[in-house]
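None of these values were measured; they are calculated from a predicted model. Reminder, nothing fancy here: chain letters follow the sequence lines and each chain counts from 1.
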Protein chains: 2
Amino acid sequence: MTRKQRELFEREQLILDSAQKILQKEGMQGLTMERIAADIEYSKGTVYNHFSSKEEIISGISCRCMSSLTEMFGRARDYSGSHRERIAAIGIAQSLYAQLHPLETQNMQIIKSPAIREKVSEEKQLRLFQQEQNITSIVLEIVRDAINDNDIPKDQPHIPHSIMLGLWTMGYGSNLLSMTAIPFEKLGMQDPLEMAWVNSHKLLDSYQWQPLSSEFDIYELREKLYKELFPEEIKQLNKLKIKI
Amino acid sequence: MTRKQRELFEREQLILDSAQKILQKEGMQGLTMERIAADIEYSKGTVYNHFSSKEEIISGISCRCMSSLTEMFGRARDYSGSHRERIAAIGIAQSLYAQLHPLETQNMQIIKSPAIREKVSEEKQLRLFQQEQNITSIVLEIVRDAINDNDIPKDQPHIPHSIMLGLWTMGYGSNLLSMTAIPFEKLGMQDPLEMAWVNSHKLLDSYQWQPLSSEFDIYELREKLYKELFPEEIKQLNKLKIKI
DNA sequence: CGTATAATATGACGAAGCGTCAAAAAATGT
DNA sequence: ACATTTTTTGACGCTTCGTCATATTATACG
């Protein structure tokens with residue numbers, strides 16, 4: 001049974017690889033079941049044996065993406081610096097991922113909408129839910145560590161969920177806004193991603209998460225975290241920027 | 001000529017009304033050109049004479065929605081309270097609108113994505129851009145007033161755009177997250193919209209926007225603004241909640 | 001008023017994608 | 001070698017999109 005299952009799993013990955021490649025090259029509307037079938041040199045029916053709709057494929061891709069995002073978040077969690085540095089690293093991970101994989105980031109957004117999700121099988125939905133939980137639990141872990149070590153005063157209500165949601169919504173909103181067709185420069189604004197870095201720290205300051213940003217240079221910190229935690233990602237990002 | 005133009009304009013509105021109605025009842029996938037044509041009792045070709053694609057219709061709806069959002073923002077701007085109260089009212093407007101018109105809010109998000117926007121005519125894109133500008137300029141106006149009246153210290157960089165973007169991204173992210181299929185309660189969290197209210201004030205506090213939230217009760221303020229600025233919306237929202 | 005011309009509306013049509021399913025092919029068991 | 005199960009295939013029906021030649025209606029003018 002194991003070989004069968006392995007073969008099945010491998011082709012599933014093959015399909016997702018192909019789908020991601022097509023998505024990369026030709027965008028969402030270029031992604032069709034027949035296009036995938038042609039690419040992996042199987043027939044459409046075979047693809048449908050694995051994924052019963054386009055939505056399921058998107059969900060599959062998103063699940064893998066959330067895994068790699070989780071891996072990056074894990075690096076942040078395991079960082080040996082202060083808790084404030086660790087939570088900052090989460091923000092950086094989120095932003096880097098969005099820059100490196102804009103389409104996949106959009107997918108992860110799309111798959112969250114009820115209209116799409118209701119077309120996805122129970123089993124795949126459960127997987128997505130677990131991935132979401134993994135991600136949030138890493139963030140919560142850091143916040144809790146900070147509270148336990150008295151980096152955040154305990155007298156405030158709702159913590160740690162409110163901090164987590166604050167960072168999440170701001171990061172999420174920034175990622176999405178920065179991918180839109182809105183010409184921020186024309187409107188006299190900086191890139192939302194850049195602003196998110198500043199505003200996240202403002203938010204953390206407001207929760208009195210020590211050390212406050214007045215006590216260090218947030219840009220120096222960013223450079224440090226780039227170098228120590230995400231050197232590969234930065235390299236890729238530079239390549240990508242040169243291409244464009 | 002004016003009568004012709006008026007007729008044209010009126011039918012355009014008729015189409016958009018119908019599209020919005022269908023969207024309300026049957027969701028995005030129920031919205032087809034033929035469905036609209038049947039509804040307004042014209043043929044498909046006629047609909048295409050007005051809007052050359054579904055995307056253009058979504059864009060048209062979004063444009064009107066942004067108008068009504070602008071109107072609500074305008075009420076916030078014209079409020080006679082402190083600048084901090086006025087900016088808080090903006091947040092309430094944004095959140096109320098999202099709750100009253102979830103589908104339309106999603107549309108306004110969808111229309112921001114480049115893939116969709118490139119299918120929209122230059123002319124309509126310009127309109128969207130102007131609407132976006134209207135909205136942001138209201139927020140900026142309030143921030144500038146606050147700076148001029150020394151409610152916000154002037155020693156910080158990037159202001160007022162960074163405040164505006166901070167609130168925007170957080171509100172935007174919360175709205176979107178709250179509409180997803182993510183079961184926040186299961187994850188032990190409150191509704192993102194509720195958290196956005198708290199976190200927005202945290203952010204404003206961090207910019208030292210006077211009076212700080214420690215000097216007043218943000219929930220009392222919310223009730224006050226509900227009553228004084230958005231009574232109609234609250235009434236509708238209650239109706240909507242009873243229905244569900 | 002009638003006719004010519006312009007403007008507008010129509011729905012049949014081809015193209016493309018989705019998802020299904022009976023039949024063919026391959027794999028497995030005996 | 002043959003029977004049975006599993007997997008693969010691509011033709012098919014269905015839906016929607018967007019187009020366009022034709023039909024209809026409105027407008028201008030003698």
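The separation between B/K119 atom NZ and D/dT16 atom C1' is 13 Å, rounded to whole Å. Spacing between atom CG of A/N49 and atom P of C/dA25 amounts to 18 Å, rounded to whole angstrom units. Taking atom CD1 on A/I36 and atom C1' on C/dG17, their separation rounds to 12 Å, with Å as the unit. Remark: P of C/dG19 and CD of A/E55 are 7 Å apart, rounded to the nearest angstrom. We find that CD of A/E7 is positioned 15 Å from P of D/dT6, with the value rounded to whole Å. Look at OH on B/Y48: it is 14 Å from C1' on C/dT10, rounded to the nearest Å. The interatomic distance linking A/I40 (CD1) with D/dG10 (P) rounds to 13 Å, in whole Å. Distance A/E41 CD to D/dT8 C1': 15 Å, rounded to the nearest Å.
With no hydrogens or angles considered, no side-chain donor-acceptor pair links A/T70 and A/N134 at under 3.5 Å. Side-chain contact of A/Q131 with A/S67: a donor-acceptor pair under 3.5 Å is present, judged by distance alone.
Taking only distance into account, the side chain of A/K44 meets the base of C/dG19 through a donor-acceptor pair shorter than 3.5 Å.
Close to C/dA9, at under 4.0 Å from its OP1 or OP2, lies a side-chain N or O of B/R11. Regarding contacts with the backbone of D/dT9, a side-chain N or O of A/T46 is found under 4.0 angstrom from either OP1 or OP2. Contact annotation: B/Y42 does not reach the phosphate of C/dA9 (side-chain N/O to OP1 or OP2, under 4.0 Å).
When each of A/Q29 and B/E34 is assigned the nucleotide of DNA chain C with its nearest heavy atom, B/E34 is the one assigned upstream, toward the 5' end.
Classified by interplanar angle (parallel below 30°, tilted 30° to 60°, perpendicular above 60°), the ring pair B/W168/B/Y172 is perpendicular.
When distances are taken from the side chain of B/K54 to each of D/dC17, C/dC18, C/dG19, the shortest belongs to D/dC17. Between C/dG19, D/dG18, C/dG17, one nucleotide has an atom nearer to the side chain of A/T32 than all others, and that is C/dG17.
When each of A/I138, A/I142, A/D78 is paired with A/F73, the side-chain contact (heavy atoms from CB on, under 4.5 Å) condition holds for A/I138 and for no other.
A cation-pi arrangement, defined by a distance under 6.0 Å to the six-membered ring centre and an angle within 45 degrees of its axis, is absent between A/K235 and A/F230.
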